[in-house]
Amino acid sequence: MRMMTMAKKTAKPDILIFGPKKPLIERGLAERFNVHIFHHPDDLAKLSPAQAQNIRGMAITNLVKADSAMLARFPKLEMIASFGVGYDHVDFRYAAEHNIVVTHTPDVLTDEVADTAIGLLIATLREFINADRYVREGRWPKQNYRLSPGSLRDRTVGIVGMGRIGQAIARRVAACDVPIVYHSRNPAAGVTFKHYPNLIEMATEVDTLIAITPGGASTAKMINADVLKALGPRGVLINVARGSVVDEDALIAALQDGTIMAAGLDVFAHEPNVPEAFFAMDNVVLLPHIASASVATRDAMDQLVVDNLLNWFSGKPALTPVPETPCGKGA
Ligand code: NAP
Ligand code: 8YV
């Protein structure tokens, strides 16, 4: 709700910081730039057309939809520094056409997200959340918690997406002595696990899917009713990718009718709103999109947003541009 625009006293480049409050980013950019800070989506309307005309850089999170209509307000925009590795919220085609470089925050979150995926997988299989509730409700003295039908011991994991994070997940799953295969459009360089170009074929061969692809049109609802059916009644789905990657209605039906056994979900189609149908299910573990959300990792992501903007506006190349937009050097 807070809106702050610092007075323009110098020829410092004008930067828009837009999204949930991020003190490290705000502090990191305050000295070098004339910053305009908006925390709430509706507040952007308060930026006058004259101010918008001067904006040359932008620091945003994935809660900000940077579509062509939004970006068209900023004719002098040179850089969109986005927080997070996924950038499905940015119209990078528009950016490329308008010579705007988009940066993201890869690598610094890879291990944290991979750790979360493994934690979520084991918590889902071994029912840690239900067991925790069991202890808190004082039920243990009356009866031991049930043996979990799920176990990592007898599984084969199919990783959907074998990029930076997929490979970090694979290293962890391999350390648990669990067989791994993967699906992506192309075989991943240097990866020796079996590659399935066809997701349904892979789902037929495994009992556990871990999704870690980008969001966006090419992956929309790729984990659908057919994939869940192929996964089968022992099937477990872990989604740390994007909610859009899974057909949520099909997943709810599959969990309700036993088409698959369980799911661990960090991401949802319409965050922060989660379908109520999940709340009644014992066979799901639900996280509020926290895969990268430790203080240390989020600080590193914030700092990379700052460093991309500082580099660019010191005439140096962007540090972590997305592959689809121009690189070059800043002004
Ligand atoms: P990355 O290195 O670019 O890897 C992406 C992988 O997905 C690649 O193996 C890619 O292979 C595959 N892929 C892309 N499009 C695909 C498609 N249409 N069908 C099948 N596979 C496809 O990215 P990363 O750093 O590992 O991050 C992956 C994603 O994880 C992010 O984009 C973000 O959405 C998500 N993420 C979520 C959280 C969270 O908090 N839950 C945190 C970080 C990241 P091909 O190009 O060969 O298909
Ligand atoms: C963040 C993410 O939780 O990096 C990503 O793609 O989804 C997460 O690390 C998200 O960007 C928070 O805004």
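Whatever order the structure lists them in is the order used to number ligands and atoms, beginning at 1. For this chain, numbers begin at 1 and follow the sequence in order. These numbers were taken from a predicted model, which means no experiment stands behind them.
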Going through the distances and angles, do Arg298 and Asp302 end up as a salt bridge (charged side-chain N to carboxylate O under 4.0 Å, His left out)?
-> CA-CA 6 Å; Arg298 287 293 175 85; Asp302 283 348; over 6 Å; no
Taking it one step at a time, do Leu71 and His98 satisfy side chain to side chain contact (heavy atoms under 4.5 Å, CB included)?
-> CA-CA 10 Å; Leu71 293 174; His98 293 80; over 6 Å; no
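Applying the 4.0 Å criterion to heavy atoms of Ala291 picks out, from ligand 1, the atoms 39 (C), 40 (O), 41 (N). Residue His183 approaches ligand 1 through these ligand atoms, each under 4.0 Å from one of its heavy atoms: 20 (C). Of all the atoms in ligand 1, the ones that sit under 4.0 Å from a non-hydrogen atom of His289 are 39 (C), 40 (O), 41 (N). Within ligand 2, the atoms closer than 4.0 Å to a non-hydrogen atom of Gly86 are 4 (O), 5 (C), 6 (O), numbered from 1 in the order shown. Atoms of ligand 1 lying under 4.0 Å from at least one heavy atom of Val85, given by number and element, are 25 (O), 27 (O), 31 (C), 43 (C), 44 (C). Under a 4.0 Å criterion applied to the non-hydrogen atoms of Leu109, ligand 2 contributes the atoms 4 (O), 9 (O). Within the listing of ligand 1, atoms 42 (C), 43 (C) sit less than 4.0 angstrom from a heavy atom of Val113. Near Arg242, with a cut-off below 4.0 Å to any heavy atom, the atoms of ligand 2 are 2 (C), 5 (C), 6 (O), 7 (O). Ligand 1 places these atoms under 4.0 Å from at least one heavy atom of Met162: 6 (C), 8 (C), 9 (O). Atom numbering of ligand 1 starts at 1 in the shown order; those under 4.0 Å from a heavy atom of Val240 are 35 (C), 36 (N), 37 (C), 38 (C), 39 (C), 41 (N). Within ligand 1, the atoms closer than 4.0 Å to a non-hydrogen atom of Val267 are 41 (N), numbered from 1 in the order shown.
No donor-acceptor contact under 3.5 angstrom links the side chains of Thr110 and Arg164, judged on distance only. Counting only N and O atoms by type, the side chains of Ser82 and Asn62 include no donor and acceptor under 3.5 Å apart.
Residue contacts with ligand 2, taken as heavy atom pairs separated by less than 4.0 Å, do not involve Val113 at all. If you look at Arg242 next to ligand 1, the close heavy atoms, those under 4.0 Å, all belong to the side chain. The side chain of Arg298, and not its backbone, has at least one atom closer than 4.0 Å to an atom of ligand 2 (non-hydrogen atoms only; side chain from C-beta on).
Hydrophobic clustering, with ILVMFWY side chains joined whenever heavy atoms are under 4.5 angstrom apart, groups Val85 together with Met301. Taken together through direct or relayed side-chain contacts under 4.5 Å among Ile, Leu, Val, Met, Phe, Trp and Tyr, Val101 and Ile25 form part of one hydrophobic cluster.
Separation of atoms OH (Tyr196) and CE (Met162) is listed at 12.5 Å; rounding is to 0.5 Å. Rounded to the nearest 0.5 angstrom, Leu147 CG and Arg126 CZ are separated by 8.5 Å. A distance of 9.5 Å separates CG in Leu309 from CG in Asn311, rounded to the nearest 0.5 Å. In this structure, Thr325 OG1 and Tyr87 OH are separated by 8.0 Å, a value rounded to the nearest 0.5 Å. For the atom pair CG of Leu120 and CG of Leu125, the computed distance is 9.5 Å after rounding to the nearest 0.5 Å.
Between Asp266 and ligand 1, a contact under 3.5 Å exists for at least one N or O pair. Residue-to-ligand polar distances place Gly163 within reach of ligand 1: an N/O pair is separated by less than 3.5 Å. Geometrically, ligand 2 and Asn62 share a nitrogen or oxygen pair separated by less than 3.5 Å. The shortest N/O to N/O separation between Thr219 and ligand 1 does not fall below 3.5 Å.
Atom 18 (N) of ligand 1 has Ser218 OG, 2.9 Å as its closest protein atom, hydrogens excluded (heavy atom only). Among all non-hydrogen protein atoms, the one lying nearest atom 12 (C) of ligand 1 is Gly161 CA, 4.0 Å. Annotation: atom 2 (C) of ligand 2 to nearest protein heavy atom, His289 NE2, 3.6 Å. Taking atom 23 (O) of ligand 1 as the reference point, the nearest protein heavy-atom neighbour is Arg164 NH2, 3.4 Å. Of the protein's non-hydrogen atoms, Ala241 O, 3.6 Å is the one closest to atom 35 (C) of ligand 1. For atom 46 (O) of ligand 1, the closest heavy atom belonging to the protein is Arg185 NH2, 2.9 Å. At the shortest separation from atom 47 (O) of ligand 1 among protein heavy atoms lies Asn186 N, 3.0 Å. At the shortest separation from atom 30 (O) of ligand 1 among protein heavy atoms lies Ile212 CD1, 3.1 Å. Ranking protein heavy atoms by distance to atom 4 (O) of ligand 2, first place goes to Val85 N, 2.7 Å. Looking at atom 11 (O) of ligand 1, its nearest protein heavy atom turns out to be Ser184 CB, 3.5 Å.
Salt-bridge annotation for Glu31 and Lys12: absent, with no side-chain N of the basic residue lying under 4.0 Å from a carboxylate O of the acidic one. Using a cut-off of 4.0 Å between Lys/Arg side-chain N and Asp/Glu carboxylate O, Arg234 and Asp154 are scored as salt-bridged.
Of all the listed residues (Ala188, Ala293, Pro214), Pro214 holds the heavy atom that lies closest to atom 7 (O) of ligand 1. Compare Ser292, Gly84, Ala241 by their heavy atoms: the one nearest to atom 1 (C) of ligand 2 is in Ser292.
His195 places a side-chain N or O within 3.5 Å of a backbone atom of Ser184 that can act as its donor or acceptor partner. At distances below 3.5 Å, not a single donor-acceptor pair connects side-chain atoms of Lys194 with backbone N or O atoms of Met202. Proximity of a side-chain donor or acceptor of Glu112 to a complementary backbone N or O of Leu109 within less than 3.5 Å is not detected.
Shown here is Arg153, whose CZ atom has more than 12 heavy atoms of other residues, nucleotides or ligands within 6.0 Å. More than 12 heavy-atom neighbours from other residues, nucleotides or ligands sit within 6.0 angstrom of CD on Glu137.
Heavy-atom separations between Met301 and ligand 2 include at least one value shorter than 4.0 Å. Heavy atoms of Met222 come nearer than 4.0 angstrom to ligand 1 in at least one pair.
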